[in-house]
Amino acid sequence: MSGPAAPSGRGRHARDAVVTGIGFCLPGDGRPVFTADDLWNVASRGTSCLMQDDAYYGSVALSDAMFDERLPDIPPFFSRHYTAAHRFGLVSMAEACSDAELDLRSDDLVDAAILAGRGGVDANIDSYLAVLQADPETFPVAEAMELFVAAEQAVTPSDVALVQGALARSKGPNFTVSCGCASSAVQIGNARRLIADGEVDIAVVTGVDIFSVKLIRNIQRLLQGAQKTYESIRSDDMPALLPSFDSLMRPYDRRADCINHGEGSVTVIMESREHASRRGAHLYGQVLAQATTRDGLANPLASDETGSELVTAVRRCLGDRWEIGQVPYVHGGSDGNVVVTAFEANAIKELYGSAARDLLMTSQEGCFGHNGAPAGCLGVALTLLMMERGEVCPTANCEQPADNLTFDPVPGVRTRPLDFDYALSFNYQVGGVKSAILLGSPDA
């Protein structure tokens, strides 16, 4: 990591990338999750905020009043055309800035990098179709500009970064990464590099996605019909089970047989240590490294169950500076898919050997649903909270650990005490993409 050394501390440097703020717009228990305390209240008890209506789904239920309370000054000319993705991303950004004691109404973020991770396109479809289906010969002239503004804000994956950059009036880097559920994890790595290289002192990283409930219900109905004949047509390069959404997701549980989706947004504020110290910011911890790999398979939908490329990503993060024995906790990326559990279990066995049985590795996807791009930022935020509070949150909805696990998934509804300075956080994308992030306590 480049940059001049700080005068004191255990290897601390001025260009260390530290986390100073976290904010959320996630499904909650009766109301949305907005703050660190809200998140902890759900995750520490293994609470599932998924609701069943044909399929289990995590809905944010953000009201207009909740949005206006946090963002009262946005011109209606733009805000009336916001999609749910815009609104979720702006709310989590506002909450994270408040947590970091950064003022969105001043110039605090004028030189910041505003980075977004987006996986799905569901939030963009209505605006896209509205323009595509509009007849220029008959469309009302008075409404044409409104349609244009809505389209410019919403028809591309850069939708959320666009409005966040405007809110911050930022002059710094402003771009979107789209690689599914690893999107914001990759942006965490980009932010760390921008800070380490001295390009920025602050980076605002947001992951946000919307999964259409209508789409999920249609997929479910299609799969229910396909499942009847699937086994008779399945070949060796096709998965053994089709995904299902009509039962509760149970990561690391022997009954795991489905994935539940959700929606929402998570924002992480990262700063150089020098900048954060100068303004007296609270430090949750630091992002030490991030690496991304792919399994190298020809199948665009498959993952290598050996977990070898996840092992490679972890070893790239550790480098020559850290050893795997220093990492007693891993925040897993399991969404209840048995294939994910298999390659995680194999990777942990390869990395830890016989010590794997003592490793605590949990997933909180059962709290909020599998929400895609927010997962990377959520893993960082929640893992740093666990590190700060000395407790590991249980794996939500895991009651009967699967037989093939090589680690302790902390089943049940209670936290497990653990004093730790280092942790790993995993995220994956369909097609075999693996992301690993190495996190440390503020002075690690």
Side-chain angles (χ1 to χ4, degrees), residues 27 43 46-59 119-120 180-181 211-213 215-263 299 301-307 310 331-348 361-372 375 393-413 426-432:
T47 301
S48 180
C49 301
L50 302 171
M51 302 298 290
Q52 185 179 23
D53 183 7
D54 295 335
Y56 279 92
Y57 183 78
S59 179
C181 312
F211 289 104
S212 166
V213 176
L215 179 70
I216 291 169
R217 288 171 179 161
N218 273 356
I219 290 173
Q220 185 67 63
R221 286 192 287 268
L222 288 168
L223 291 181
Q224 286 169 346
Q227 192 77 51
K228 298 175 183 177
T229 57
Y230 180 63
E231 286 303 320
S232 66
I233 65 172
R234 186 169 70 87
S235 60
D236 291 341
D237 60 351
M238 294 170 66
L241 291 173
L242 287 170
S244 174
F245 314 114
D246 58 359
S247 58
L248 193 63
M249 66 190 296
R250 295 183 180 278
Y252 306 140
D253 193 286
R254 62 168 50 100
R255 299 163 294 172
D257 64 355
C258 71
I259 301 168
N260 305 144
H261 288 84
E263 61 186 15
N299 188 329
L301 302 178
S303 286
D304 177 7
E305 291 192 25
T306 69
L310 180 54
H331 187 268
S334 180
D335 53 11
N337 188 322
V338 294
V339 174
V340 174
T341 298
F343 71 65
E344 284 187 328
N346 288 331
I348 292 302
M361 180 168 174
T362 68
S363 168
Q364 284 70 48
E365 294 231 352
C367 293
F368 311 107
H370 181 61
N371 50 29
C393 295
T395 295
N397 300 332
C398 179
E399 299 163 348
Q400 303 172 26
D403 295 332
N404 65 330
L405 298 185
T406 56
F407 52 85
D408 182 346
V410 189
V413 294
F426 295 162
N427 295 103
Y428 320 113
Q429 178 196 6
V430 170

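When a residue number appears, it is its place in the shown sequence, counting from 1. The model shown is predicted, which means the values in this text are computed figures rather than measured ones.
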So, for G336 and A256, which heavy atoms are closest and what is the spacing to 0.1 Å?
O-CB, 3.6 Å

Run the salt bridge (charged side-chain N to carboxylate O under 4.0 Å, His left out) test against D304 and tell me which residues pass, sequence neighbours left out.
none

Sequence neighbours excluded, the answer for side chain to side chain donor-acceptor pair (under 3.5 Å) partners of Q429 is none

OG1 (T406) and CD1 (I348) are apart, to the nearest 0.5 Å, by 6.0 Å

Once rounded to the nearest 0.5 Å, what's the spacing between atom CD1 of I259 and atom OH of Y56?
16.0 Å

Nearest-0.5 Å distance that lies between atom CG in D257 and atom CZ in R254
14.0 Å

Sorted by chain and residue number, the side chain to side chain donor-acceptor pair (under 3.5 Å) partners of N346 (sequence neighbours excluded) come out as none

State which residues pass side chain to side chain donor-acceptor pair (under 3.5 Å) with H370; sequence neighbours excluded, sorted by chain then number.
E365

Here the gap from M361 atom CE to H331 atom NE2, rounded to the nearest 0.5 Å, amounts to 9.5 Å

Please identify which of these residues, F368, Y57, F211, meets the side chain to side chain contact (heavy atoms under 4.5 Å, CB included) condition with E263.
Y57

Tell me every residue that passes salt bridge (charged side-chain N to carboxylate O under 4.0 Å, His left out) with D253, counting only those two or more places apart in sequence or in another chain.
R255

Any donor-acceptor pair under 3.5 Å linking the side chain of S48 with the backbone of C367?
no

Would you say the side chain of R250 lies within less than 4.5 Å of the side chain of Q400, judging by non-hydrogen atoms?
no

Which atom names give the shortest non-hydrogen contact between N299 and L301, and what distance separates them?
OD1-N, 2.8 Å

Value rounded to 0.5 Å, distance of SG in C181 from CG in D335
7.0 Å

Taking all atoms of both residues into account, what is the closest heavy-atom pair of P251 and C398, and its distance?
O-CB, 3.4 Å

Examine the side chains of T362 and Q364 and answer whether a donor and an acceptor come within less than 3.5 Å of each other.
yes

Can you tell if the side chain of V410 reaches within under 4.5 Å of the side chain of P394, non-hydrogen atoms only?
yes

Quick one: does any side-chain atom of N260 pair with a main-chain N or O of G369 as donor and acceptor, under 3.5 Å?
no

Correct closest heavy-atom pair for L310 and A347 would be CD2-CB, 3.8 Å

When you measure from the side chain of T395 to the backbone N and O of P409, does any donor-acceptor pair fall under 3.5 Å?
yes

My understanding is that only residues two or more places apart in sequence, or in another chain, count here; which of them pass side chain to side chain donor-acceptor pair (under 3.5 Å) with S363?
none

Tell me if a side-chain donor or acceptor on E344 pairs with a main-chain N or O of G333 at a distance below 3.5 Å.
yes

Has the side chain of Y252 got a donor or acceptor atom that lies under 3.5 Å from a matching backbone atom of D408?
no

